[in-house]
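Below you'll find the structure, written out as structure tokens, and then a few comments.
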Amino acid sequence: MGELLKVEDLIKSYSTGKNEFKALKGISFTVEEGEFVLLYGDSGSGKSTALNIIGGMDRASSGKVIVYNRDITSYSDKQLNEYRRNYIGFVFQSYNLINNLSARENIMLVSGKDPDVADKMLEEMGLKDRADAFPTELSGGEAQRVALARAMAKSPAMLLCDEPTGALDYDNSRRVMQAIKRLNRESGITVLMVSHNLAFLPIADKVIKLKSGWIESISENDSPISVEELEW
Ligand SMILES: Nc1ncnc2c1ncn2[C@@H]1O[C@H](COP(=O)(O)OP(=O)(O)O)[C@@H](O)[C@H]1O
Ligand SMILES: [Mg+2]
């Protein structure tokens with residue numbers, strides 16, 4: 001398996017009045033194709049900032065983000081748009097579904113795929129019977145799995161998840177985590193997931209710990225466990 005992502009000395013600073021605040025102070029790591037990588041750290045440590053830059057939704061102040069040997073930090077807005085569309089599936093804590101579209105239509109709109117593909121993705125998420133449901137009729141866990149189906153429908157190179165279980169109760173968190181892990185293991189999709197939940201550490205192939213904009217540690221896990229084995 002080859003290297004999919006290489007982050008090199010990534011810095012993100014915000015100017016707050018006459019001061020400068022560095023949300024990322026120079027972080028470097030790599031992600032291999034097919035890996036399940038967890039970006040872990042306290043609130044405010046820079047996890048979302050890093051994920052948004054990697055996903056082409058925000059721009060770095062300096063450093064490189066190399067995806068399949070191309071540095072996306074040098075991309076124009078148009079190139080970044082294409083990069084997001086063609087390479088990235090994004091799942092947010094807040095689902096971000098479109099409320100006046102059904103589950104099926106949400107998937108079709110974002111992926112540009114036909115209803116059959118949408119229905120197949122929903123079936124994979126255990127939501128075969130919910131295709132016509134609107135977001136407000138779905139439980140949090142169902143809504144998040146529709147969001148996952150939507151992110152996956154375009155077969156992205158990388159699935160980026162920002163606290164995907166942050167708004168869910170225990171049972172729904174388990175279901176969503178199982179779905180993400182299954183996509184990783186069975187479809188070989190590379191996952192970069194942000195969480196501050198310590199419990200998730202044992203299921204990842206690699207854990208990158210962030211602290212105040214720095215990488216505190218990177219650890220590889222030779223025998224990650226399944227979500228079924230996980231208790232929290
Ligand atoms: N647009 C912004 N302007 C100024 N500071 C920001 C902005 N976005 C994020 N930050 C700051 O950057 C730090 C990291 O934020 P974030 O990446 O969202 O952390 P995490 O996702 O780990 O909780 C925080 O201190 C946050 O307040
Ligand atoms: Mg965050």
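Start at 1 and go down the list; that is how both ligands and their atoms are numbered.
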Applying side chain to side chain contact (heavy atoms under 4.5 Å, CB included), name anything that partners K78, two or more places apart in sequence or on another chain. S76, E82
Nearest to atom 14 (C) of ligand 1, what protein heavy atom do you find, and at what distance? G44 O, 3.4 Å
Suppose we measure from atom 18 (O) of ligand 1 to each protein heavy atom; which comes out shortest, and what is that distance? S48 CB, 3.7 Å
Against heavy atoms of S43, which atoms of ligand 1 measure under 4.0 Å? 23 (O)
Give the numbers and elements of all ligand 1 atoms closer than 4.0 Å to a heavy atom of T49. 14 (C), 15 (O), 16 (P), 17 (O)
Can D42 be said to touch ligand 1, with heavy atoms closer than 4.0 Å? yes
Would G41 count as a contact of ligand 1 if the rule is a heavy atom under 4.0 Å away? no
For atom 6 (C) of ligand 1, tell me which residue out of F21, Y40, Y14 has the closest non-hydrogen atom. Y14
Which value, rounded to the nearest 0.5 Å, describes the distance between C161 atom SG and L38 atom CG? 10.5 Å
With rounding to the nearest 0.5 angstrom, report the CZ to CG distance, R145 to N172. 7.0 Å
Is it the case that atom [atom1] in [X] sees more than 12 heavy atoms from other parts of the structure closer than 6.0 Å?
X	atom1	answer
Y87	OH	no
K22	NZ	no
K25	NZ	yes
D114	CG	yes

Restricting to distances shorter than 2.8 Å, give the number of protein N, O or S atoms close to the Mg ion (ligand 2). 1
Flag for E33-Y68: side-chain donor and acceptor within less than 3.5 Å: yes
Between the side chains of D162 and S48, is a donor N or O closer than 3.5 angstrom to an acceptor N or O? yes
Does the N or O separation between T16 and ligand 1 drop below 3.5 Å for any pair? no
Has ligand 1 got any nitrogen or oxygen that is less than 3.5 angstrom from a nitrogen or oxygen of A23? no
Would a 4.0 Å cut-off, counted as strictly less than, catch a protein heavy atom around atom 10 (N) of ligand 1? yes
Would you call the rings of Y170 and W232 parallel, tilted or perpendicular, where under 30° means parallel and over 60° means perpendicular? tilted
Are side-chain heavy atoms of I53 and L10 found at a separation under 4.5 Å? yes
